[in-house]
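These notes concern the structure reproduced below.
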There are 2 protein chains.
Amino acid sequence: MKKRTAATHEGTGPLMSDVARLAGVAVSTVSRALANPGRVNEETRQRIAAAAEQLGYTPNAAARNLRIGRSDIVMVVLPGPLFYGASQTVSEVLDGVDTELTKAGFHLLIANLDRDEDTERHILDLAFGGTVRGAIILASELPHHGNRTLSDAGIPIVSVLLDLTGKGVPSVVTNEREAMRAAAQRLIATGHRHFYFVAGPIGNFHDVERYGGLIEALDVAGLGEGAVRRFGQFYDFREGFACGSAAAAAFLALDERPTAVLCCSDDIAIAFMHTIRRAGIAVPEAVSVMGFDGAAVGEFCGPGLATIRQPTVDMGAAAAQGLLKAIAGEAALAERTVLPSEWLERGSTAPAPTPS
Amino acid sequence: MKKRTAATHEGTGPLMSDVARLAGVAVSTVSRALANPGRVNEETRQRIAAAAEQLGYTPNAAARNLRIGRSDIVMVVLPGPLFYGASQTVSEVLDGVDTELTKAGFHLLIANLDRDEDTERHILDLAFGGTVRGAIILASELPHHGNRTLSDAGIPIVSVLLDLTGKGVPSVVTNEREAMRAAAQRLIATGHRHFYFVAGPIGNFHDVERYGGLIEALDVAGLGEGAVRRFGQFYDFREGFACGSAAAAAFLALDERPTAVLCCSDDIAIAFMHTIRRAGIAVPEAVSVMGFDGAAVGEFCGPGLATIRQPTVDMGAAAAQGLLKAIAGEAALAERTVLPSEWLERGSTAPAPTPS
DNA sequence: AGGTGCATGGCAATCGATTGCCAACCCATA
DNA sequence: TATGGGTTGGCAATCGATTGCCATGCACCT
């Protein structure tokens, strides 16, 4: 076989052996110089660095990964396409994750649960085949296929947005229940006695927590669950606008209308508010409306939409940091990390109207 | 050295040799059975498949990539964090890309230009080091570092959203100029003679095209560039709301106000419309407002925001398909692929008011 | 029965970087 | 000058799957 020289490389770039030859040392020396500078003579190191630079040498990732038995890629498992409504929750979380991972020299791979079964197997292959070093889950289910589940792959996993501690996955969430309770209490304190809750996907963690918070506030105030009317035909977070419109139609048809409307997401709230205002109902004078998530655009929808802002970017960053720690073998992330959300007052809520 | 058996594996899963042993064949037979079923006896193939299944065998990706010299990962280069405004352009494009890639058995890795210089080098390493097989660019610049540019890495590249054919990168775009011209002509036809254009980032492809379309329409109508007043203090697409508010303030301060406002993005338009309506200007009766992008939430902002919807998902899918073809070595993608955008009428435009 | 051809399976080299182990070497000290 | 301590560099095995090449074996044909 012809001996390869730097000049004969075709598809591939220069190899470590090329760098070694140019620098006049052995490949092992090059490897050490690049990875563990203390181990070689400074002058030699510089000569090697110069040679690598001159050749435009980039180590082959596959070879490196194979040898050291791990990669520098982390995957994020999404429940479906990036959300298309007004809230950019998922995008913002991703940004937080990406920033931290990049800072630590890791790369981010997107995996999507919302495809066929075959895809789910591919996701598992990424983990079991050693392509990824860890996973961050934004879905309520761990990927699984046949009798294998992501958690069997032996890589660190962290959940964000949804609490998966029940499945043994450390999770980063916000205090949704508490925040909703506080918001409801504020409304109660300003005279509201009849509530309307527009639900998210039934059984979804967010819906359970947010509705739960409202109920807690009602209980504390001695109002009981009868003080709230629940509208729940919302099956997917991507259908927020449609849900909000439908909820508004149902609301408008009521004989006695509640004075405060709490929506499980901003998308719902935006469509809801728009629809009832079109029907001649004054917000917030006649009816107070509140969303959840903290969509920036809410500021510009009629009266600014009051909402609860999740610390999305920080949550993403926290999840990534936790994962990185787990990867480094340091103390695992606390089971559950709760980051505080923020109440955004804006203009869509007001004291309850005095009964005419 | 102790001979490894399936029972002694620790961090790693079962190997192909374990499968071979269990099935009573050689590793090469296993490899062929898994990759090239025709090459081995059906009965043997089934025995091997059963053994693999029983052991939960997943081939090691690094070893495979090293041997065959390529990976099944494609990277998407973003200009910054996923956009936080109301338009979900980037998210939607990503979804289109992801769907196609997944369908073809590829995975998607996110790379972000908006970090430090070191990060940009890491992006190049992904390409030069063989981690990724192709790249889709959503940024106006190709990643580069020192004297290396992404295009030197020898992997297929496709641009989407921005036209990079000038840099030799096949691009998938929409007919922004034409769409804007048509929209402006529609406004002219309904009596509008004075225009206000709120610019995007100066020099940005979108801004150039969209403004250019407006100018063309004015020219065709014999109105000339004097018929438009341009507001341009917008430096980044992430600052759309702030820009819209500022533009509205400037608009309100004018002695003679144009009757039609064309904004370079929906975010701008949403904030703009909100601000002038607060100041008592009726939209669309007194002033018509139009955005660009097709944000779903525009439907719910005051009168529905008229806009031009980019076929984002389709553009992403087209870009991915083009890239896959290039990877497969088939005829390269046509230099420039133009997908039609769609005019969304909604309620924020109307014939020009008759001068009082 | 002998020969030909095709289908199947196995050996071993290969991809490229990493690293344990040991040899070579330098300088300093006795 | 000989010896010792400490540093630097090189050889070769290794990670795990893939594949060219060859050996084996079976069936079928004359």
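None of these values were measured; they are calculated from a predicted model. In the text below, chain A, chain B and the rest are named by the order of the sequence lines, each starting its count at 1.
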#### Entry: Residue that, paired with B:Leu161, satisfies side-chain contact (heavy atoms from CB on, under 4.5 Å) out of B:Val173, B:Val172, B:Thr89, B:Ile137
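In the set B:Val173, B:Val172, B:Thr89, B:Ile137, the residue that makes a side-chain contact (heavy atoms from CB on, under 4.5 Å) with B:Leu161 is B:Thr89.
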#### Entry: Lys/Arg-Asp/Glu bridge criterion (N-O < 4.0 Å) met for B:Asp125, B:Arg148
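Judged by the 4.0 Å cut-off on N to carboxylate O distance, B:Asp125 and B:Arg148 do form a salt bridge.
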### Task
Scan residues 64-74 of chain B against DNA chain D and write down, sorted by residue number, each residue with any heavy atom closer than 4.0 Å; if none is found, say none.
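By residue number: B:Arg64, B:Arg67, B:Ile68.
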### Query
Crowded around B:Glu42 CD? As in, over 12 foreign heavy atoms under 6.0 Å?
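Above 12, so yes.
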### Task
Compare the minimum distances between each of C:dG16, D:dG10, D:dA17 and the side chain of B:Pro59, then state the nucleotide with the smallest one.
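Closest nucleotide among those given: D:dA17.
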### Task
Looking only at side-chain atoms of A:Arg32, point me to the closest of D:dC21, C:dC21, C:dA12.
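Within the option list, the nearest is C:dC21.
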Nearest whole angstrom, please: distance from the [atom2] of [N] to the [atom1] of [X].
X	N	atom1	atom2	value
B:Asn60	D:dT14	CG	P	17 Å
A:Glu42	D:dT7	CD	C1'	15 Å
A:Asp18	C:dC15	CG	P	13 Å
A:Asn41	D:dG6	CG	P	19 Å

### Message
Under 4.0 Å, heavy atoms only, any strand: does B:Val25 hit a base, just the sugar-phosphate, or nothing?
### Response
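The answer is sugar-phosphate, as B:Val25 gets under 4.0 Å only of primed atoms, P, OP1 or OP2.
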### Query
Between CG of A:Leu323 and CZ of A:Phe106, what distance do you get to the nearest 0.5 Å?
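Interatomic distance, A:Leu323 CG to A:Phe106 CZ, rounded to 0.5 Å: 8.0 Å.
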### Query
Applying salt bridge (Lys or Arg N to Asp or Glu O under 4.0 Å), which residue pairs with at least one partner in residues 151-164 of chain B are found, sequence neighbours left out?
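Counting only pairs at least two positions apart or across chains, the salt bridge (Lys or Arg N to Asp or Glu O under 4.0 Å) contacts touching residues 151-164 of chain B are B:Asp163-B:Arg336.
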Phosphate contact ([N] OP1 or OP2) by [X] side-chain N/O below 4.0 Å:
X	N	value
B:Ser31	D:dA17	no
B:Tyr57	D:dG16	no
B:Thr44	C:dT8	no
B:Ser17	D:dG16	no

### Task
Quick one: do A:Leu101 and A:His107 satisfy side-chain contact (heavy atoms from CB on, under 4.5 Å)? Show the steps, please.
CA-CA 6 Å; A:Leu101 289 184; A:His107 298 285; over 6 Å; no
### Query
So, does the side chain of B:Ser28 form a donor-acceptor pair with the base of C:dG10 at under 3.5 Å?
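Counting by modelled atom types and ignoring angles, a donor-acceptor contact under 3.5 Å is found here.
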### Query
When you measure from the side chain of B:His144 to the backbone N and O of B:Leu142, does any donor-acceptor pair fall under 3.5 Å?
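Side chain of B:His144 to backbone of B:Leu142, a donor-acceptor pair under 3.5 Å: yes, one is there.
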